[in-house]
Amino acid sequence: MDISPLLSGLNDAQRAAVAAPLAPTLVLAGAGSGKTRVLTHRVAWLVQVEQVSAHSILAVTFTNKAAGEMRSRIESMLHVPSAPLWIGTFHGIAHRLLRLHWRETNLPQAFQIMDADDQLRAIRKLLKARNMDEARWAPKEVMWFINARKDEGQRAGQLKDEGDPTRREFIRLYAAYQEQCDRSGIVDFAELLLRVYELLRNNPDMRAHYRRRFRHVLIDEFQDTNTIQYAWLKLLTSPDPETSPGGLPFAVGDDDQSIYRWRGARVENLHQFQRDYPGVQLFRLEQNYRSTGNILSAANALIANNSGRLGKNLWTSGEQGEPVRLYTAFNERDEADFVINQLRDWIDKGGRRDECAILYRSNAQSRTFEEALLSARIPYRVYGGLRFFERAEIKDALAYLRLIFHRADDASFERIVNLPTRGIGLKTLDTVRDYARANTCSMWEAAGACIAELGARAGSCLHAFLALIDLLDQQIRALPLFEQVDHVIHASGLLAHYRQERGDRGEARVENLNELVTAARNYEPDTEDAMPPLASFLAHAVLESGEQQADAWEDSVQMMSLHSAKGLEFPLVFLTGLEDGLFPHLRSLSDAEGLEEERRLCYVGTTRAMRQLYLTYAEQRRLHGQDNYAAPSRFIREIPPEFIEEVRPRIQISRPVYMPRGKAPAALREDTSAMGIQLGQRVRHGKFGEGVVVDIEGQGNHARVQVNFEQHGSAKWLMLTYANLEPV
DNA sequence: CCAGTTTTTACTGGG
DNA sequence: TAAAAACTGG
């Protein structure tokens with residue numbers, strides 16, 4: 001076997017990790033050190049050199065994007081289809097296992113997955129049913145409690161209230177919530193993992209089977225694993241006295257990039273791994289191939305403020321590059337305008353738009369940038385935020401399909417029972433709900449039973465709804481998937497309902513619904529699992545809520561939250577909104593742990609940049625309709641000044657880069673420069689004497705300039721046409 | 001019961 | 001600001 005292609009192009013540390021002997025392995029891989037390369041090459045190495053069957057390899061990631069990338073890279077390296085390999089997210093793999101073993105876990109075959117949105121809805125409903133005040137029992141708190149317990153592998157039954165009445169109530173709610181989910185055959189995200197864990201734990205045969213099967217478990221972003229995910233790994237890779245000598249985990253992680261503590265991730269798993277697998281081989285990847293020296297130095301200095309790091313010395317042999325640039329904006333509009341002007345420069349110099357990324361702490365910040373990009377006619381693409389399958393109209397359509405597929409799905413029932421309105425009001429639903437609760441049955445069953453005792457009018461409306469669902473069910477049985485979707489959105493009246501909605505909004509919704517049909521048409525179910533296509537499609541919709549939007553192929557500026565930027569790299573990066581309270585976020589400021597996580601997030605952001613990094617913050621920012629004034633982020637101060645260059649066009653006039661209000665800079669430059677006026681220009685005025693142009697606004701006859709006159713206290717705005725300024 | 005209006009509330013992050 | 005919830009007249 002010629003192993004050179006597998007190892008060529010790798011540095012010593014990478015090569016050592018890829019070709020490591022078959023033993024538990026931990027790779028500490030700094031940002032931009034070739035982590036994904038090592039993982040994919042290791043898989044190829046196992047298959048081609050160690051002659052390991054692709055069947056016995058399980059590769060787990062956290063995001064669909066990472067899983068997809070790994071799969072395609074491995075495919076192109078091995079030149080064979082990667083189907084026998086199991087590659088996926090934790091949730092995707094758990095789902096697959098549950099579809100295979102639904103009987104053993106007491107799930108109905110048609111079980112459905114609910115996303116966080118559905119979960120919150122379910123909890124609200126539960127609180128209402130128990131007459132609990134939402135002000136006292138915040139649904140989000142309850143949800144957080146339940147998910148945190150599940151992430152730790154705990155069921156309501158094994159929790160103690162510790163004499164705390166609040167906790168006691170939370171535990172009760174957890175139990176009631178779970179009962180409700182079980183009854184309607186619904187699992188939430190955390191439940192997917194917990195179920196599989198319990199399946200393996202309680203079922204020795206199955207455990208032995210999967211231990212034998214998956215001897216090689218590769219895990220990406222190991223620092224982000226939570227308790228249950230780690231417990232999973234241990235169950236899969238522990239030795240089985242009779243059947244298996246123990247699996248060979250290959251974990252890759254970076255403690256400095258641990259940014260998911262809030263969803264239960266435990267960096268300590270990196271330490272625990274070394275204790276649990278004695279003789280673990282440790283490799284460190286410390287050479288960074290991504291960023292310039294300045295960017296890397298800034299990032300290193302920043303992260304050095306964290307305590308308890310495993311310690312890494314990230315270095316590069318590349319050039320120093322440009323300094324990191326810092327821009328202080330007046331407000332968020334100004335911040336966006338600045339970014340747009342830099343983008344224009346980049347593009348004018350022949351750069352590609354998709355080489356540029358605008359990163360922000362929270363998705364809400366994207367709007368200002370979107371508006372600015374839109375008016376500047378620069379194509380862009382927003383990742384995250386509201387995704388396709390999370391749109392209300394799409395969830396409505398999916399709810400019809402889910403209810404048709406699985407009548408016990410109460411959440412879907414409630415969602416669409418009166419959408420479009422069909423005369424089934426709150427009072428009717430209360431009756432049905434009461435009945436369902438009293439008889440512990442599904443809303444569907446309760447509705448059937450209630451018709452008789454309801455008034456004639458309400459009863460017939462309800463009956464019509466039940467009949468509609470049954471009818472749809474019959475009608476679509478034999479149809480191919482996309483026609484099922486198409487038929488349901490038409491025959492349910494959903495499409496007509498949204499068509500009536502006036503304005504662009506309704507139009508967009510109709511478009512989205514049609515897009516759903518297209519998505520169904522293009523959907524290719526996993527060949528291996530023998531689910532009905534509809535079930536598979538529904539699960540796909542929840543698990544991969546649809547990253548790709550239209551125009552994905554067009555060269556466009558990339559916008560995303562810092563969290564979703566992890567694992568990516570861009571030549572030009574804007575790290576925006578660096579204000580205390582926004583980033584670091586207000587809710588993380590109070591405890592040291594939270595602050596350190598924010599700092600790691602900032603570290604992740606800075607290390608995305610390859611050639612040029614801009615940091616920006618606004619002195620004034622409008623948040624939920626109110627003006628806020630925040631101090632610059634403490635993270636800016638933590639980067640030594642020698643790596644940072646401040647861009648202050650209004651004061652530091654030597655850099656005429658700033659053009660206000662998003663006016664086309666080329667035109668403006670021509671316009672004003674024709675009169676010999678540009679930013680930073682010294683001018684003389686008949687009355688006010690000499691001064692410096694610090695701002696230009698408008699064009700042609702409307703052009704105004706702001707001039708800082710020496711004699712005059714403050715800067716003055718002058719109409720260019722009347723001021724008769726002479727360049728000096 | 002419905003549709004439109006006013007009031008309230010909330011905004012961290014992802015599978 | 002904008003979505004969700006509460007309210008109100010038909």
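Below, chains carry the letters A, B, ... as their sequence lines are ordered, and counting in each starts from 1.
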Could you list, one pair per line, each protein nitrogen or oxygen that sits under 3.5 Å from a nitrogen or oxygen of nucleotides 8-11 of chain B, together with the distance?
residue, atom, partner, partner atom, Å
B/dC11, OP2, A/K140, NZ, 2.5

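Within 4.0 Å (heavy atoms only), A/Y260 reaches sugar-phosphate atoms of the nucleic acid but no base atom. No contact: A/R457 has no heavy atom under 4.0 Å from any strand. A/D115 comes within 4.0 angstrom of nothing in the nucleic acid, heavy atoms only.
Ring geometry for A/F214 versus A/Y210: interplanar angle under 30°, hence parallel rather than tilted (30 to 60°).
Note on A/R266 versus A/D224: no salt bridge recorded, every NZ/NE/NH1/NH2 to OD/OE distance being 4.0 Å or above.
Residue A/S561 has a polar side-chain atom (N or O) positioned under 4.0 Å from OP1 or OP2 of B/dG14.
Stacking is not found between A/F62 and the pyrimidine-like six-membered ring of the B/dG15 base under the 5.5 Å centre-distance and 30° plane-angle cut-offs.
Remark: A/N418, A/T421, A/R422, A/G423, A/I424, A/G425 in residues 416-425 of chain A come within less than 4.0 Å of DNA chain B through at least one heavy atom.
In a base pair of the Watson-Crick type (N1 to N3 plus N6-O4 or O6-N4) or a G-U wobble (N1-O2 and O6-N3), with each distance short of 3.5 Å, B/dG14 is matched with no nucleotide.
Comparing B/dG15, C/dA5, B/dG13 against the side chain of A/F189 picks out B/dG15 as the nearest.
With sequence neighbours excluded, no residue forms a side-chain hydrogen bond (donor to acceptor under 3.5 Å, both in side chains) with A/K125.
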